[in-house]
Amino acid sequence: MSRKYYITTPIYYVNDKPHIGHAYTTVAADVLARWHRHRGDEVFFLTGTDEHGAKVAESAVEAGQEPQEFVNEVAKLFRIAWKNLNIKYDNFIRTTSPEHHRAVGVFINKLKASNSIYEDKYEGLYCVGCEKFITEKELVEGKCPVHNKKPKKIKEKNYFFKLTDYIEQVKELIVSGKMKILPEERKKEVLGLFEQGMEDFSVSREKVKWGIPLPFDKKQNIYVWVEALQNYISGIGYGEPSEKFSKWWPADCHIMAKDILKFHAIYWPALLLAVGEPLPKEQFIHGFFTIDGKKMSKSLGNVINPNDLVNQYGSDATRYLLLSQFPFGQDGDVKKSLFDEKYNSDLANGLGNLVSRTANLMEKNDVGIDTAQQPISNDKVDIINKQIEHYRFDEALKGIYGIISQANKYLDEQAPWKHTPDDKEKTTIVLQNVSDWIKTIAELIYPFMPITSRRISQQFAGPSVKKEDGLFPRLSDK
Ligand code: ME8
């Protein structure tokens, strides 16, 4: 049965250009969006950029640019990276856009009207890198453990959100599974956070000048996280006089990594409860990865630019390589050397070789596709589809690779290249069997490798099959 499916990625900070971490989440969301579209669901896929706040403003100063000019440039880099990776989003929301501004105004006024905002003083620590208030307890040797920097001491008037009024309700919704936090370990992690106790949080900042002013006190700007979370509704028309918002909200899935779990699993639902909007149905928190065993950082110089991967391997292969390295829900290590190895073994020697030698043999022996035959459907295909639907991308890709290997093995065993003209009937059967597998593989890889999928489907469509350029040239041949 077809249904609506609304999926989001985090909106990424534009303090710097996109890296492989952003690409990882965005490719995963694109795979899900494509998978749902392909099975007939009506899909809305939202991504975008988080452009306000102290961190972005500081980066603009470092770049010697006005903030708006700076964010325009960096936001463009994200769009380019997503184009290179063949990401098919339905909207790219920017928090400096008028539609976001308008929606945030409506939301904040509703929050105020719900009596869940009050004025107070904040005196404490703030980590600009995390864009969050941080407690003494969280520091390691006086520094933020994520950014290894001393937080700023701040003392200012803030408006606060009465998180404590909603906390029991949020907890109950998570415990009961009405709002799913996946995988299970992350749900446990969130429930653990409730145990540590939770305080009201600021919704505005007095001293941060790069942001959206609070409608009822223009001397304050809305706290960047509170404003950023609202992209999930501003990106689908919240506060506009149209049906669009009610059509798509609530989100079917928010995807992110564990670094921003608390904001999404606790703060965001609480804010939505306060204004009376339904909560996202599901949030999937994938792992955080290191590069060759080290944290990815500018100072270590190990940050991988997704455009470099696309230049090296092409967009489809990059998508495959990103999602096949380690299980999606777990922390992992990205090994640079594995990219070349897996490209050659799985794609060049695996899929590419299967397709090219089959097409060659079909052309040479004048064997075409039996168009009356339906693509193979069996348990393996069903299992792979279930795995994709449930975020088990690496398992799905392993399963697909299993089919590729099986087809290659069958071809080796049957060795139709050794057949004589008298074996024509046998040759036809063997090649049509393999081409059935190839068509099934083309279907299955579609969400991961859409270009390759279409090329194969077109090549293996009609009564005559022609050989074409190789799909994945071996790296040494490039
Ligand atoms: O947090 N491994 O933006 P951000 C896996 N603007 N994923 C990674 C990663 C890694 N090493 N590094 C980054 C923000 N990511 C806020 C979000 S949403 C309302 C506001 C991915 O640019 C992962 O999805 O720091 C992570 O959650 C996100 O980038 C953080 O992006």
Side-chain angles (χ1 to χ4, degrees), residues 7-30 32 46-57 59 71 74-75 77-78 81-82 87 92-96 100 103-104 107 127-132 144 146-147 186 210-211 222-236 251 253-269 271-272 280 283-298 300 302-306 322-323 325-335 391 393:
I7 181 165
T8 68
T9 70
I11 48 169
Y12 307 111
Y13 286 126
V14 290
N15 61 307
D16 207 349
K17 56 182 189 286
H19 59 60
I20 189 181
H22 305 129
Y24 184 69
T25 317
T26 311
V27 166
D30 189 61
L32 286 165
L46 181 73
T47 188
T49 37
D50 193 352
E51 305 187 359
H52 285 131
K55 166 159 145 164
V56 170
S59 300
V71 300
V74 185
L77 299 180
F78 276 87
W82 300 162
I87 305 292
F92 185 99
I93 184 77
R94 297 184 53 190
T95 57
T96 55
H100 182 71
V104 166
F107 188 90
C127 172
V128 174
C130 298
E131 285 285 17
K132 76 179 189 201
C144 156
V146 181
H147 293 92
R186 297 291 172 220
W210 179 236
I222 300 169
Y223 168 41
V224 64
W225 257 108
V226 171
E227 187 224 296
L229 287 164
Q230 290 167 65
N231 89 86
Y232 299 132
I233 57 176
S234 71
I236 49 165
C253 180
H254 289 322
I255 289 204
M256 76 212 77
K258 63 175 182 184
D259 52 337
I260 52 180
L261 176 59
K262 186 174 172 183
F263 288 103
H264 282 80
I266 301 177
Y267 290 9
W268 179 225
L271 290 164
L272 287 164
Q283 309 203 26
F284 191 93
I285 295 87
H286 66 69
F288 215 70
F289 54 75
T290 47
I291 308 281
D292 291 323
K294 297 207 179 71
K295 193 185 148 184
M296 188 168 40
S297 85
K298 237 181 173 177
L300 288 176
N302 64 350
V303 180
I304 299 179
N305 179 337
L322 283 177
L323 291 183
Q325 277 230 1
F326 57 88
F328 189 59
Q330 293 167 24
D331 289 346
D333 186 40
V334 168
K335 293 184 180 57
Y391 314 94
F393 306 126

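Bear in mind the structure is a predicted one, so any value in this text is a computation, not a measurement. Positions are given from 1, in the same order as the sequence printed here. Note that ligands are numbered from 1 as they come in the structure, with each ligand's atoms numbered from 1 the same way.
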Run the contact test for His264 against ligand 1 with a 4.0 Å cut-off on heavy atoms, strictly below, and give the result. yes

Heteroatom distance test (His22, ligand 1): nitrogen or oxygen, under 3.5 angstrom: yes

Do Asp331 and Arg186 sit within salt-bridge range, that is, some charged N less than 4.0 Å from a carboxylate O? yes

Determine, stepwise, if the pair Val224 / Trp210 fulfils side chain to side chain contact (heavy atoms under 4.5 Å, CB included). CA-CA 9 Å; Val224 64; Trp210 179 236; over 6 Å; no

Taking the ring centre of each residue, are Tyr24 and Phe328 less than 6.0 Å apart? yes

Backbone or side-chain N or O of Tyr13 under 3.5 Å from ligand 1 N or O: yes

Test of proximity, Ala257 against ligand 1: N or O pairs below 3.5 Å: yes

re atom 17 (C) of ligand 1, the protein heavy-atom contact at minimum distance is Ile11 O, 3.2 Å

I'd like the name of whichever of Thr9, Thr25, Thr49 reaches closest to atom 23 (C) of ligand 1 through any heavy atom. Thr25

Residue-ligand contact His286/ligand 1, heavy atom below 4.0 Å: yes

Contact check: Trp225 vs ligand 1, nitrogen or oxygen atoms, below 3.5 angstrom: no

Could you go through Ile255 and Ile285, starting from their C-alpha distance and side-chain angles, then the distance that decides it, and tell me whether this counts as side chain to side chain contact (heavy atoms under 4.5 Å, CB included)? CA-CA 6 Å; Ile255 289 204; Ile285 295 87; over 6 Å; no

Heavy atom of Glu131 under 4.0 Å from ligand 1? no

Can you check whether Asp259 has an N/O within less than 3.5 Å of an N/O in ligand 1? yes

Evaluate Phe289 for polar contact with ligand 1, using N/O atom pairs at a separation under 3.5 Å. yes

Within the structure, is a non-hydrogen atom of Tyr232 found at a distance of less than 4.0 Å from ligand 1? yes

